[in-house]
Amino acid sequence: MPDSFPLPPRFSSVDEYLLSLSEFYLDPFVQRLAGGLHILNFFLTSPDLFEDTLPEEWVTFFDQAELDDILDFLIFFKGSNTLQPPESLSIFLSTVQTLSINRNLPDEHACSKSVARLHSSAISVGMSPKKVHECQYLSSAISDVCSKVGTPHVIDLGSGKGYLSRTLAHEYNCSVIAVETVESRSKGAVRLDSLYDRKGGKKRVQKANTDKGTGSLIHIEKFVDSGDLTDIVEQADLRGHKLVLAGLHTCGNLSHHALKSLVDTQEIYAVAVVGCCYNLMTEKDVGRLNHSYHDPADKDCCGYPMSRKLEAHSIPLPTSARMLACQAPATWTCETRNNFFTRHFYRALLQRIFKDRALLDDSEDRILIGSLRKQWYSSFPTYCRGACQRLTENYDTRLDDASENRFDISEEVAMEYHDRLLSKKRRLCILWTLMACTVAPLTEALIHLDRYYYLKEHGASVHVSVVFDQAISARNLMVVGIKGQDLR
């Protein structure tokens with residue numbers, strides 16, 4: 001089977017697609033959206049980031065049109081009778097659409113094999129509807145890979161509570177090694193295994209289909225920091241056997257380790273990985289990379305870019321771009337996007353207060369707060385209290401009872417900032433949506449092109465495809481690599 005990648009319609013080859021995508025992504029304006037600005041600094045400049053970043057005709061259009069119409073136009077490229085965007089904006093968004101991968105799940109009737117439903121309700125205990133969908137579709141795809149390789153043995157890397165592992169073992173008769181770093185998750189998986197057995201899950205599967213329910217499952221607790229999984233193979237007593245490595249939403253660099261296992265671990269004959277949490281990936285300094293030929297057996301290539309192909313293009317993916325790549329604007333509801341906007345607005349307001357209080361300097365343009373519980377976003381004064389509590393805990397302020405907490409913000413001060421800058425929230429919402437709609441799909445495409453080329457450069461047969469319904473599971477691209485003759 002030839003290599004495959006879900007190319008946008010106008011492209012006939014992956015090389016052609018990468019060339020066009022890199023040319024657009026490296027445009028200075030796109031680079032500014034991708035990494036040259038941060039939305040939390042929205043209120044720190046004069047004029048604000050909105051005016052400072054966007055063309056004047058875009059600013060005029062965005063300031064005059066209805067907000068909901070603008071958001072629909074940016075997210076779905078859907079206009080209205082009253083919306084008259086500048087031609088330059090329409091061309092820009094059209095180019096983004098042209099370069100974006102089609103993320104729709106193929107119609108089952110067009111597939112050579114439909115996806116079977118899970119036979120036992122016991123196997124879905126503890127699963128959300130999203131997790132059921134993911135396990136149902138990914139386990140079917142992994143089963144196909146096992147058939148191609150000719151093995152029942154699967155390593156589930158980053159197995160969590162074992163949902164995919166149990167599905168593979170009990171629905172597809174796989175011999176599964178579930179590998180998880182976090183002790184509480186691994187113990188939770190063992191408890192769910194016992195619960196599955198108590199509910200008679202295996203008997204129900206066997207009754208429904210006598211060819212199923214005879215797989216096995218063991219759990220190994222281990223932190224994985226490279227593609228060399230030999231010790232896991234030995235612990236499972238599978239030296240000399242063919243294995244398939246699978247991963248459901250392997251976070252950050254764990255996806256890289258999973259793909260590298262095809263090269264670094266003799267027994268791994270195929271990988272099937274759906275990645276996520278791109279913000280947790282590391283990035284090499286693409287501006288200083290040596291573009292000379294790299295040894296394909298090099299075991300130190302962790303982080304983006306993995307491939308020589310992407311390395312040669314010198315396309316940076318800063319943290320802000322990788323964080324935006326975690327977004328899926330087309331799946332936002334009114335509630336979720338309003339929650340996003342409120343969070344970003346509150347954080348940007350707090351950043352302005354920090355600046356006015358001289359808490360920011362040239363070496364620390366951001367004070368890290370992280371996500372707070374939903375209850376802290378009920379109002380801006382409430383958010384300030386929650387954020388300041390977090391900061392007091394995180395930063396060693398060395399306060400005694402008589403000292404003034406530099407992070408303390410009164411309700412009166414919080415409301416004064418909120419009311420004074422509220423009229424600009426609309427601009428913040430529009431700029432952040434434009435960044436997400438532009439940067440997210442293109443950055444995610446570049447990440448998967450890098451993984452595609454890495455596997456190709458190491459002699460594997462590579463297939464990148466949509467495996468989930470994006471409306472259910474936003475991170476829905478699966479990378480499959482099957483070991484070639486030169487790697488055996």
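For the 3.5 Å distance criterion, the side chains of Thr98 and Thr95 fail to qualify, holding no donor opposite an acceptor. Side chain to side chain, Gln351 and Arg347 meet the donor-acceptor criterion of an N or O pair below 3.5 Å. For the residue pair His38/Asn41, the side-chain donor-acceptor check at 3.5 Å is not satisfied. A donor-acceptor contact closer than 3.5 angstrom is absent between the side chains of Ser143 and Ser140. With no hydrogens or angles considered, a side-chain donor-acceptor pair links Thr250 and Ser255 at under 3.5 Å.
Between the side chain of Glu180 and the main chain of Gly160, a donor-acceptor pair closer than 3.5 Å is present. For the pair Ser20 (side chain) and Tyr17 (backbone), a donor-acceptor distance under 3.5 Å is absent. Listed for the Ser100 side chain is a donor-acceptor partner under 3.5 Å among the backbone atoms of Val96. Using modelled atom types, no side-chain atom of Arg10 and backbone atom of Leu99 make a donor-acceptor pair closer than 3.5 Å. Judged by distance alone, the side chain of Ser320 and the main-chain N or O of Ala34 form a donor-acceptor pair under 3.5 Å. Of the possible donor and acceptor atoms, none in the side chain of Lys284 sits under 3.5 Å from a partner among the backbone N and O of Gly303. Without hydrogens or angle criteria, Arg451 side chain to Val479 main chain gives no donor-acceptor distance under 3.5 Å. The backbone N or O of Val132 lies less than 3.5 Å from no partner atom in the side chain of Ser124, so there is not a single donor-acceptor pair. For the pair Arg337 (side chain) and Trp332 (backbone), a donor-acceptor distance under 3.5 Å is absent. Remark: side-chain polar atoms of His256 are not paired, donor with acceptor, to backbone N or O of Gly252 under 3.5 angstrom.
Ring pair His448/Phe5: centre-to-centre distance not below 6.0 Å.
Residue Tyr346 forms a ring pair (Phe, Tyr, Trp, His ring centres under 6.0 Å) with just one option from Phe43, Tyr417, Phe42, Phe380, and that option is Phe380.
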For the pair Val14 and Tyr453, evaluate side-chain contact (heavy atoms from CB on, under 4.5 Å) and give the outcome as yes or no after the intermediate values. CA-CA 9 Å; Val14 183; Tyr453 278 111; 3.4 Å; yes

Please assess Ile70 against Glu66 for the test side-chain contact (heavy atoms from CB on, under 4.5 Å), listing each intermediate value before the final yes or no. CA-CA 6 Å; Ile70 292 171; Glu66 291 291 331; over 6 Å; no

If you apply the rule side-chain hydrogen bond (donor to acceptor under 3.5 Å, both in side chains), what do you find for Glu56 with Thr60, and how did you get there? CA-CA 6 Å; Glu56 185 177 350; Thr60 301; 5.3 Å; no

Given side-chain contact (heavy atoms from CB on, under 4.5 Å), test Leu434 with Leu93 step by step and report yes or no. CA-CA 9 Å; Leu434 177 65; Leu93 294 177; 4.2 Å; yes

Show your reasoning for whether side-chain contact (heavy atoms from CB on, under 4.5 Å) applies to Ser90 and Phe73. CA-CA 9 Å; Ser90 296; Phe73 179 63; 3.9 Å; yes

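No side-chain heavy atom of Val464 sits under 4.5 Å from any side-chain heavy atom of Met478. Counting heavy atoms from C-beta outward, Glu171 and Gln136 have side chains that stay 4.5 Å or more apart. The shortest side-chain heavy-atom distance between Val154 and Tyr172 does not fall under the 4.5 Å cut-off. Residues Asp264 and Leu229 form no side-chain contact, since every pair of their non-hydrogen atoms from C-beta on lies 4.5 Å or further apart. Proximity of Ile39 to Leu431: side-chain heavy atoms (C-beta onward) are separated by under 4.5 Å at one or more points. Between Asp156 and Val179 there is no side-chain heavy-atom pair separated by less than 4.5 Å. Between Met281 and Met306 the shortest side-chain heavy-atom distance does not fall below 4.5 Å. In this structure, the side chains of Leu428 and Phe341 stay at 4.5 Å or more apart for every pair of heavy atoms.
A salt bridge links Asp52 with Arg32: the closest approach of a Lys/Arg side-chain nitrogen to an acidic carboxylate oxygen falls below 4.0 angstrom. A salt bridge does not link Asp450 to Arg308: none of the charged nitrogens lies less than 4.0 Å from a carboxylate oxygen. We find that Asp15 and Lys309 are joined by a salt bridge, their nearest charged nitrogen and carboxylate oxygen being less than 4.0 Å apart. The pair Arg427-Glu51 meets the salt-bridge criterion, with a side-chain N (NZ, NE, NH1 or NH2) lying under 4.0 Å from an Asp/Glu carboxylate O. With respect to Lys148 and Asp144, no salt bridge is recorded, no charged nitrogen being found less than 4.0 Å from a carboxylate O.
Counting heavy-atom neighbours within 6.0 Å of Arg185 CZ, excluding the residue itself, gives a total of 12 or less. Enclosure of atom CD in Glu23 is not indicated, since only 12 or fewer non-hydrogen atoms of other residues, nucleotides or ligands lie within 6.0 angstrom.
Taking OH of Tyr304 as the start and CG of Leu446 as the end, the distance is 5.5 Å to the nearest 0.5 Å. Going from atom NE2 of His249 over to atom CG of Leu164 covers 11.0 Å, rounded to the nearest 0.5 Å. In this structure, Thr167 OG1 and Tyr137 OH are separated by 14.0 Å, a value rounded to the nearest 0.5 Å. Taking CD1 of Ile409 as the reference point, atom CD1 of Ile353 lies at 4.0 Å (rounded to 0.5 Å). Here OG of Ser94 is found 5.0 Å from CZ of Phe77. Values are rounded to the nearest 0.5 Å. A distance of 8.0 Å separates CD in Gln375 from OG in Ser378, rounded to the nearest 0.5 Å.
Residues Leu317 and Arg322 come closest through the heavy atom pair O-NE, 2.7 Å. Nearest heavy atom pair, residue Pro316 against residue Gln31, reads CG-OE1, 3.3 Å. Shortest non-hydrogen contact noted between Leu349 and Leu421 is CD2-CD1, 3.5 Å. Here the closest heavy-atom approach between residue Asn104 and residue Asn102 is recorded as N-OD1, 3.0 Å. Taking each heavy atom of Ala270 and Leu262 in turn, the nearest pair found is N-CD1, 3.5 Å. The minimum heavy-atom distance linking Tyr25 with Ile315 is given by the pair CD2-CG2, 3.5 Å.
Geometrically, Lys483 engages Tyr269 in a cation-pi contact, judged by NZ or CZ lying under 6.0 Å from the ring centre and within 45° of the ring axis.
For the side-chain contact (heavy atoms from CB on, under 4.5 Å) test, residues two or more places apart in sequence or in another chain that qualify with Ala325 are Tyr278, Thr443. Every residue two or more places apart in sequence or in another chain was checked for a ring pair (Phe, Tyr, Trp, His ring centres under 6.0 Å) with Phe76, and none qualifies.
Classification of the Phe92-Phe29 ring pair by plane angle, with boundaries at 30° and 60°, yields perpendicular.
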For residues 468-475, please give each side-chain donor-acceptor pair under 3.5 Å, one per line with the distance, not counting sequence neighbours.
| from | atom 1 | to | atom 2 | distance (Å) |
| --- | --- | --- | --- | --- |
| Asp469 | OD1 | Ala471 | N | 2.9 |
| Gln470 | NE2 | Ala474 | O | 3.4 |
| Ser473 | OG | Glu134 | OE2 | 2.6 |
| Arg475 | NE | Glu444 | OE2 | 2.9 |
| Arg475 | NH1 | Cys326 | O | 2.8 |
| Arg475 | NH2 | Glu444 | OE1 | 3.0 |

